[in-house]
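For reference, the structure is listed below as structure tokens.
Throughout, protein chains are lettered first and strands after them, A, B, ... in sequence-line order, and every chain is numbered starting at 1. These figures come from a predicted structure and were not determined experimentally. Values below: all heavy atoms of this structure, side chains included; hydrogens, waters and symmetry mates excluded.
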There are 2 protein chains.
Amino acid sequence: MLQKRIDDQPSISPEMVREAQGILHQHLKKVGLKQTAQRDTILRTFLETREHLSTDELHRLVKKKDPKIGYTTVYRTLKLLAECGLASEVAFHDGIARYEHQYNRRSHHHMVCTDCGSSVEFFSNEVERLEQDIGRKYHYLTTRHTFQIYGVCEDCRKKNGVRRLV
Amino acid sequence: MLQKRIDDQPSISPEMVREAQGILHQHLKKVGLKQTAQRDTILRTFLETREHLSTDELHRLVKKKDPKIGYTTVYRTLKLLAECGLASEVAFHDGIARYEHQYNRRSHHHMVCTDCGSSVEFFSNEVERLEQDIGRKYHYLTTRHTFQIYGVCEDCRKKNGVRRLV
DNA sequence: GGTGATCTTGAAAATGAAATTCAAATTCAG
DNA sequence: CTGAATTTGAATTTCATTTTCAAGATCACC
Ligand SMILES: [Mn+2]
Ligand SMILES: [Mn+2]
Ligand SMILES: [Zn+2]
Ligand SMILES: [Zn+2]
């Protein structure tokens, strides 16, 4: 599940991790929950990657830092992160819920290869505007939208081309 | 799961049912499968509604015509209909796969109320064009896209407003 | 119109991601 | 410190989807 980087946004810095942790802690206090080492470890691990991770994939990364952290805690923490805006769910239509970190990230959309699962991120102001326009037109208070393009990437087309010749 | 009709496309006519059945029969022959009464009944029932049906919902409608038709057959027939372009899957992000009939229907997108599940259909040439543009830019051979807007409809906002006053 | 190889059917079972349960461990306000 | 409240994670449950399989239906060929 590779991901091509098409922008120049830097990897997350230590200061950003602290700031994101602050956002989580504030959210926890607000909803009467407690700060724990597990939640911090999961957030830190999550921020360190730019991939679109399933709960299982994140759990595998988290276990490298603390093998005792369970799948359930990762699952629940991802929901918490989504609640406070640090994570957002991305559905690539493969039946698995994926999350990406949304902290200091420009809003974007995805084009997904249906052969190899790799994805390209792209930006479109038009799509953002469309949400507003359509919402206004039909009197919806819009909260979000999903836009994905599906197709076959160049690499996979080449591979398939070769396979056809065999 | 109501759906507001925002265009004037007519309900399906008997001739259209026959034509769609022809498409299915042709597809069945092409892939070496057999024509059956169950498949015809399921297609007919499916064409009669403009709603976005889950397998279970369609099964319930189908059983009114032939109570002996099982869930599995509806499930498998929907896949067949999707294969020959008569149906398309539409994911409203509620964990259930929904299908809508695609025969003689203008391509459109959906805005979904996250409170009551109702949906509005809208049309956008911009979105169609974007698939082409982005595909070309990143050398993908695009096949399809999904675009949904989520929000709260006017009715639900009113209801919630009242609830707040109580 | 047979005939039989092939496909279909549908109840039941399997699958698997997501969600919940619960008892032991941890947090943190006072 | 203390203890009420929350968290944790293994285990279990849930539930839509998918697969299995034996009995039944279809249809290409005669
Ligand atoms: Mn992304
Ligand atoms: Mn529709
Ligand atoms: Zn690819
Ligand atoms: Zn509503």
Side-chain angles (χ1 to χ4, degrees), chain A residues 1 21 24-45 52-84 87-99 117, chain B residues 1 21 24-43 45 52-84 87 89-99 117:
Chain A
M1 214 49 84
Q21 233 158 38
L24 172 60
H25 294 172
Q26 201 173 328
H27 176 72
L28 290 173
K29 182 159 278 180
K30 200 177 69 184
V31 296
L33 301 182
K34 289 169 181 171
Q35 217 176 110
T36 68
Q38 287 93 326
R39 286 174 175 162
D40 283 348
T41 303
I42 292 164
L43 171 58
R44 200 148 18 83
T45 312
H52 305 92
L53 298 173
S54 65
T55 308
D56 190 64
E57 285 164 353
L58 180 56
H59 179 222
R60 239 169 276 176
L61 294 178
V62 163
K63 274 196 293 189
K64 289 182 188 170
K65 298 205 165 130
D66 183 348
K68 293 202 298 302
I69 295 180
Y71 175 91
T72 315
T73 304
V74 174
Y75 164 79
R76 286 186 284 224
T77 302
L78 274 171
K79 301 238 144 177
L80 279 174
L81 297 182
E83 274 176 32
C84 62
S88 68
E89 202 179 322
V90 246
F92 281 178
H93 228 254
D94 57 355
I96 300 175
R98 296 177 179 284
Y99 291 83
Chain B
M1 215 50 81
Q21 233 158 39
L24 172 60
H25 294 171
Q26 201 173 329
H27 177 72
L28 290 173
K29 181 160 279 183
K30 200 177 68 182
V31 296
L33 301 182
K34 290 169 181 173
Q35 215 174 113
T36 67
Q38 288 94 325
R39 285 173 176 162
D40 282 349
T41 303
I42 292 163
L43 172 58
T45 312
H52 305 92
L53 298 173
S54 66
T55 308
D56 190 63
E57 285 164 353
L58 180 56
H59 180 223
R60 241 170 273 176
L61 294 177
V62 164
K63 274 196 294 190
K64 288 182 189 169
K65 299 207 163 129
D66 183 347
K68 293 202 299 301
I69 294 180
Y71 176 92
T72 314
T73 303
V74 174
Y75 163 80
R76 285 187 283 224
T77 301
L78 273 172
K79 301 239 145 179
L80 279 175
L81 297 182
E83 273 176 32
C84 63
E89 200 179 324
V90 42
F92 281 179
H93 228 255
D94 56 354
I96 301 175
R98 295 175 180 285
Y99 292 83

For this session: Among the candidates D:dT17, C:dG10, C:dC7, find the nucleotide nearest to the side-chain atoms of B:A97.
Result: D:dT17
Seminar exercise, completed: Checking D:dT20, D:dT7, C:dC7 against the side chain of A:L33 (C-beta onward), the nearest is D:dT7
Can you tell me if [X] touches the phosphate of [N], counting only side-chain N or O atoms and a distance under 4.0 Å to OP1 or OP2?
X: B:K79; N: D:dT17; value: no
X: B:R39; N: C:dT9; value: yes
X: A:Q35; N: D:dT6; value: no

Seminar exercise, completed: Given the options A:T73, A:T45, A:T77, A:V62 meets side-chain contact (heavy atoms from CB on, under 4.5 Å) only with A:T45
Problem set entry | Name of the residue among B:K64, B:K63, B:K65, B:E57 meeting side-chain contact (heavy atoms from CB on, under 4.5 Å) with B:L61 | B:K64
For this session: Using only heavy-atom distances, decide whether a donor-acceptor pair under 3.5 angstrom links the side-chain of A:K34 to the base of D:dT6.
Result: no
Exercise. On a plain distance test, is the side chain of B:K68 in donor-acceptor contact with the base of C:dT9 below 3.5 Å?
Worked result: no
For atom [atom1] of [X] and atom [atom2] of [N], their distance in whole Å:
X: B:H93; N: D:dA16; atom1: NE2; atom2: C1'; result: 16 Å
X: A:Y75; N: C:dT21; atom1: OH; atom2: C1'; result: 13 Å
X: A:I96; N: D:dA16; atom1: CD1; atom2: C1'; result: 15 Å
X: A:Y71; N: D:dA11; atom1: OH; atom2: C1'; result: 14 Å
X: B:K63; N: C:dG10; atom1: NZ; atom2: P; result: 12 Å
X: B:D94; N: D:dA16; atom1: CG; atom2: C1'; result: 11 Å
X: B:D40; N: D:dA25; atom1: CG; atom2: P; result: 16 Å
X: A:Y99; N: C:dA18; atom1: OH; atom2: P; result: 8 Å

Exercise. Which of parallel (below 30°), tilted (30 to 60°) and perpendicular (above 60°) describes A:Y71 and A:H59?
Worked result: perpendicular
Exercise. Looking only at atom types and distance, does a side-chain atom of B:R39 sit under 3.5 Å from a main-chain N or O of B:K34, one as donor and one as acceptor?
Worked result: yes
Heavy atoms only, 4.0 Å cut-off, all strands: where does [X] land among base, sugar-phosphate and nothing?
X: A:A37; answer: nothing
X: B:K29; answer: nothing
X: B:R76; answer: base
X: A:T36; answer: sugar-phosphate

For this session: Decide yes or no for A:Q26 and A:K30: does some side-chain heavy atom of the first lie under 4.5 Å from some side-chain heavy atom of the second?
Result: no
